[in-house]
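Here the structure comes first, spelled out in structure tokens, and everything after it is commentary.
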Amino acid sequence: HKHKDKYKDKEHKHKDHKKDKEREKFKHGNGYLVLSDSPHLEIWSRRDQCVILRLIGLYSCYAECVTLSCLLPAFQMKSLDGKVKKEKENGFASPPHVKSEPEDDFYHSPKQEKSLKRERDDDNDSEFKPKKIKTENDKKGKKRKREAEEINQKKAKNKKGEVADGKKKAKKEPEEKWKWWEEERYTDGVKWKFLEHKGPVFAPPYEPVPSHVKFYYDGKPMKLSPQAEEVATFFAKMLDHEYTTKDIFRKNFFKDWRKEMTSEEKSKITDLKKCNFSEMSEYFKAQSEARKAMSKEEKLKIKEENERILQEYGFCIMDKHKERIANFRIEPPGLFRGRGDHPKMGMLKRRIRPQDIIINCSKDSKHPEPPPGTKWKEVRHDNKVTWLVSWTENIQGSIKYIMLNPSSRIKGEKDWQKYETARRLKKCVDRIRAQYREDWKSKEMRIRQRAVALYFIDKLALRAGNEKEEGETADTVGCCSLRVEHIKLYPENDGQEYVVEFDFLGKDSIRYYNKVPVEKRVFKNLQLFMENKEPDDDLFDRLNTSILNKHLQELMDGLTAKVFRTYNASITLQQQLKELTTADENIPAKILSYNRANRAVAILCNHQRAPPKTFEKSMQNLQTKIDAKRDQLSDAKRELKSAKADAKVRKDEKSKKAVETKKKAVQRIEEQLMKLEVQATDREENKQIALGTSKLNYLDPRISVAWCKKWGIPVEKIYNKTQREKFAWAIDMADEDYEF
DNA sequence: TTCATTACTTAGGAACACGCGG
DNA sequence: CCGCGTGTTCCTAAGTAATGAA
């Protein structure tokens with residue numbers, strides 16, 4: 001497919017160029033037939049019968065019509081000049097309206113400079129603010145620096161106070177209380193001014209297996225060279241996995257393994273089937289058992305060592321603040337296992353050495369030292385990027401990075417900005433929808449395809465679907481890369497008209513299956529797109545993500561295909577929460593409602609998971625618990641009854657008290673039962689759905705925080721510790737009437 | 001302008017830790 | 001107190017989209 005696209009693009013380029021030349025000729029009366037000469041529209045025909053339209057005005061553009069049926073309306077347009085105007089308004093004149101929006105903000109925001117918080121909100125709206133503000137940037141920079149210094153001073157104070165105050169206070173406060181969201185942001189592409197870190201932690205070196213653990217080839221024990229042995233252990237460790245039985249996996253592994261062998265080994269070991277790794281495999285199993293059975297002291301020791309490494313390598317200083325690093329450990333060598341049907345599964349992922357590593361830090365920082373006797377590949381000082389360390393991985397040749405934790409300023413700001421963009425989309429989504437509906441009728445194929453694809457992205461929250469290189473990765477698609485074979489059209493299905501059935505593998509080879517009724521126009525268009533195509537042809541052959549995103553960029557500043565996913569996810573959560581939450585319910589029931597709203601989003605975004613292996617069992621366990629609780633409840637009720645009867649007869653204080661106690665017991669048990677039942681429902685509904693992904697990446701956390709505040713639900717019930725760290729900005733700034 | 005490269009976000013599953021009930 | 005199951009954290013693959021070089 002990629003190949004085909006390349007071909008097409010070249011063709012386009014060629015044509016565009018030609019068109020200009022032809023127009024020149026036309027201007028000079030070089031033998032072209034003028035079909036229209038209205039002030040809004042030029043229509044002229046080439047010798048090859050193609051008709052070229054040119055709309056004139058601010059947004060002048062060319063369109064090529066290749067069929068006669070397109071020509072007829074064009075003539076009609078000519079005769080009715082008014083209609084031409086109308087067409088123009090609908091089709092091409094709208095972008096200026098959209099474009100003016102951010103400019104409005106731009107003129108407003110400087111006036112709001114004084115209020116820090118307000119101004120920042122707007123800052124998000126106009127990220128591309130021109131360099132005019134440069135002087136202000138400087139100010140901002142200084143401000144940032146000043147504030148950072150203040151905090152540093154506080155730190156110093158705290159340190160002094162440590163002796164008296166005790167460690168807790170001094171250690172925790174400065175970092176946890178830094179509210180970066182109340183400070184100015186860099187606006188000129190600079191990501192930081194100061195960055196210092198200790199570099200990565202390398203994978204532990206290979207430890208050869210003891211000599212009594214043998215590898216057998218063709219039934220005979222064979223001592224392997226350390227390099228070959230290491231790769232063999234990678235395979236041995238995976239022996240239980242299903243994919244060591246897969247052909248591609250075995251083939252790739254064997255090929256890469258042989259590369260590590262000595263020539264002697266290479267000549268001996270020629271067939272993977274004759275290799276016996278079982279002793280190695282047993283050895284590793286025994287080792288992991290031993291690790292589990294370790295004494296508390298030993299475990300504690302390991303834990304402490306890990307903590308020490310975390311303290312040393314797990315943090316960096318960025319702009320005077322200590323920030324947590326996400327993945328400071330280099331990926332250890334092993335066998336690559338891509339997801340789905342990956343053509344490269346089983347290949348050897350090589351060990352990363354210091355000479356593979358690029359370090360990024362600021363010039364005036366203390367550079368990290370490479371391990372003794374080694375060198376870094378490079379030390380650079382690029383403050384336009386956020387990564388600290390990078391290296392090139394050998395499977396796909398892509399670059400891997402060490403970056404900061406989601407709780408860091410640099411990630412948090414970006415996350416916040418993402419939701420602000422989605423909120424801006426909310427303001428103009430109606431117009432964009434109206435426009436793509438209009439575009440379904442366009443005379444141009446590429447515009448119709450673009451409009452239909454955008455409709456899918458909006459309605460079904462599909463991913464954009466970049467092209468991928470064939471044979472390098474699993475065959476998965478997104479919207480723009482859908483192929484004819486991935487959809488089926490039903491003029492009628494189960495009593496619904498114009499149903500489209502989607503069935504394809506998306507990101508991570510997760511299946512997307514959905515049957516959706518669509519509008520008639522969309523349906524007809526799809527039929528048109530599929531005409532005369534093979535199943536493996538692109539559905540949208542005149543579209544790719546870059547064309548689509550370029551178009552979206554014109555509709556709204558900062559708009560790309562993925563913004564629709566964020567927008568639709570967040571707006572769905574907000575609307576579902578409104579719908580599902582009832583005031584008189586207790587907290588567990590409200591949380592069930594929240595989870596249900598979350599679930600609606602996860603379903604929309606197709607976030608699936610493999611049903612947990614223990615699912616059935618744990619469901620049964622829960623049911624047993626519920627049954628037991630029911631019994632307990634009826635017992636308690638019976639006791640209450642008899643206590644009441646008793647109280648009626650005796651009429652003394654003691655028996656009255658007993659009634660009260662029993663009543664409370666019944667109430668308590670009822671509540672517990674209710675809780676269990678809610679839990680069961682929640683779990684059942686969640687069998688194949690993963691909530692985490694949407695919660696972490698798509699749902700504006702301020703919606704959840706506002707919901708918690710509104711209904712008096714502790715935010716801890718919705719977000720765990722890590723999530724609260726990531727969303728600290730939202731927890732701090734959203735109040736109960738926050739509207740997405 | 002185009003294409004490849006680079007940077008950064010999103011994703012599911014495995015490993016791990018920890019709390020709860022027996 | 002222990003074992004088990006679950007929630008959390010880690011891991012890194014696989015996307016999207018911006019950037020940069022030709």
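Below, chains carry the letters A, B, ... as their sequence lines are ordered, and counting in each starts from 1.
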Nearest to the side chain of [X], heavy atoms from C-beta on, is which of [options]?
{"X": "K400(A)", "options": "dA13(C), dA11(B), dC8(B)", "answer": "dA13(C)"}
{"X": "W387(A)", "options": "dA17(C), dC8(B), dT10(B)", "answer": "dC8(B)"}
{"X": "N697(A)", "options": "dT10(B), dT16(C), dA7(B)", "answer": "dT10(B)"}
{"X": "K562(A)", "options": "dA17(C), dA13(C), dT6(B)", "answer": "dA17(C)"}

For [X] and [N], give me the distance from atom [atom1] to atom [atom2], rounded to whole Å.
{"X": "E331(A)", "N": "dA14(C)", "atom1": "CD", "atom2": "P", "answer": "12 Å"}
{"X": "E393(A)", "N": "dC8(B)", "atom1": "CD", "atom2": "C1'", "answer": "16 Å"}
{"X": "Q396(A)", "N": "dA13(C)", "atom1": "CD", "atom2": "C1'", "answer": "9 Å"}
{"X": "I358(A)", "N": "dT6(B)", "atom1": "CD1", "atom2": "C1'", "answer": "11 Å"}
{"X": "L462(A)", "N": "dA14(C)", "atom1": "CG", "atom2": "P", "answer": "20 Å"}
{"X": "E716(A)", "N": "dG7(C)", "atom1": "CD", "atom2": "P", "answer": "17 Å"}
{"X": "L691(A)", "N": "dT6(C)", "atom1": "CG", "atom2": "P", "answer": "16 Å"}
{"X": "E725(A)", "N": "dT8(C)", "atom1": "CD", "atom2": "P", "answer": "13 Å"}

Do R423(A) and E420(A) meet the salt-bridge criterion of a basic N to acidic O distance under 4.0 Å? yes
Sugar-phosphate, base or nothing in reach of [X], heavy atoms under 4.0 Å:
{"X": "T386(A)", "value": "sugar-phosphate"}
{"X": "P332(A)", "value": "sugar-phosphate"}
{"X": "G465(A)", "value": "sugar-phosphate"}
{"X": "K191(A)", "value": "sugar-phosphate"}
{"X": "K344(A)", "value": "nothing"}
{"X": "A474(A)", "value": "nothing"}
{"X": "N549(A)", "value": "sugar-phosphate"}
{"X": "Y401(A)", "value": "base"}
{"X": "S390(A)", "value": "nothing"}

Heavy-atom nearest pair, S390(A) first then Y401(A), reads CB-CD2, 3.7 Å
Interatomic distance, R353(A) atom CZ to D356(A) atom CG [nearest 0.5 angstrom]: 4.5 Å
Measure up the Y512(A) and F504(A) rings against each other and bin them: parallel (under 30°), tilted (30 to 60°), perpendicular (over 60°). parallel
Take the angle between the ring planes of F235(A) and F253(A) and call it parallel below 30°, perpendicular above 60°, tilted in between. parallel
How would you list, by chain and number, every residue that makes a ring-ring contact (aromatic ring centres under 6.0 Å, His included) with H342(A), sequence neighbours excluded? F336(A)
Along DNA chain C (nearest heavy atom to each residue), the more 5'-positioned of Q723(A) and T560(A): Q723(A)
For DNA chain C, whose closest nucleotide is more 5', that of L559(A) or that of G506(A)?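 Closest to the 5' end, via its nearest nucleotide, is G506(A).
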Given that L696(A) and S398(A) both sit by DNA chain B, which one's nearest nucleotide is further toward the 5' end? S398(A)
From R351(A), R350(A), K400(A), residue fulfilling salt bridge (charged side-chain N to carboxylate O under 4.0 Å, His left out) relative to E331(A): K400(A)
Treating primed atoms plus P, OP1 and OP2 as sugar-phosphate and everything else as base, which nucleotides of nucleotides 12-21 of chain B get B, S or - for protein heavy atoms under 4.0 Å? BS----S---
Strictly below 4.0 Å: does K411(A) bring a side-chain N or O up to OP1 or OP2 of dT9(B)?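 For dT9(B), OP1 or OP2 has a side-chain N or O of K411(A) closer than 4.0 Å.
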In this structure, which one of R337(A), M238(A), K237(A) forms a side chain to side chain contact (heavy atoms under 4.5 Å, CB included) with T244(A)?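 That would be M238(A); it is the only one of R337(A), M238(A), K237(A) passing the side chain to side chain contact (heavy atoms under 4.5 Å, CB included) with T244(A).
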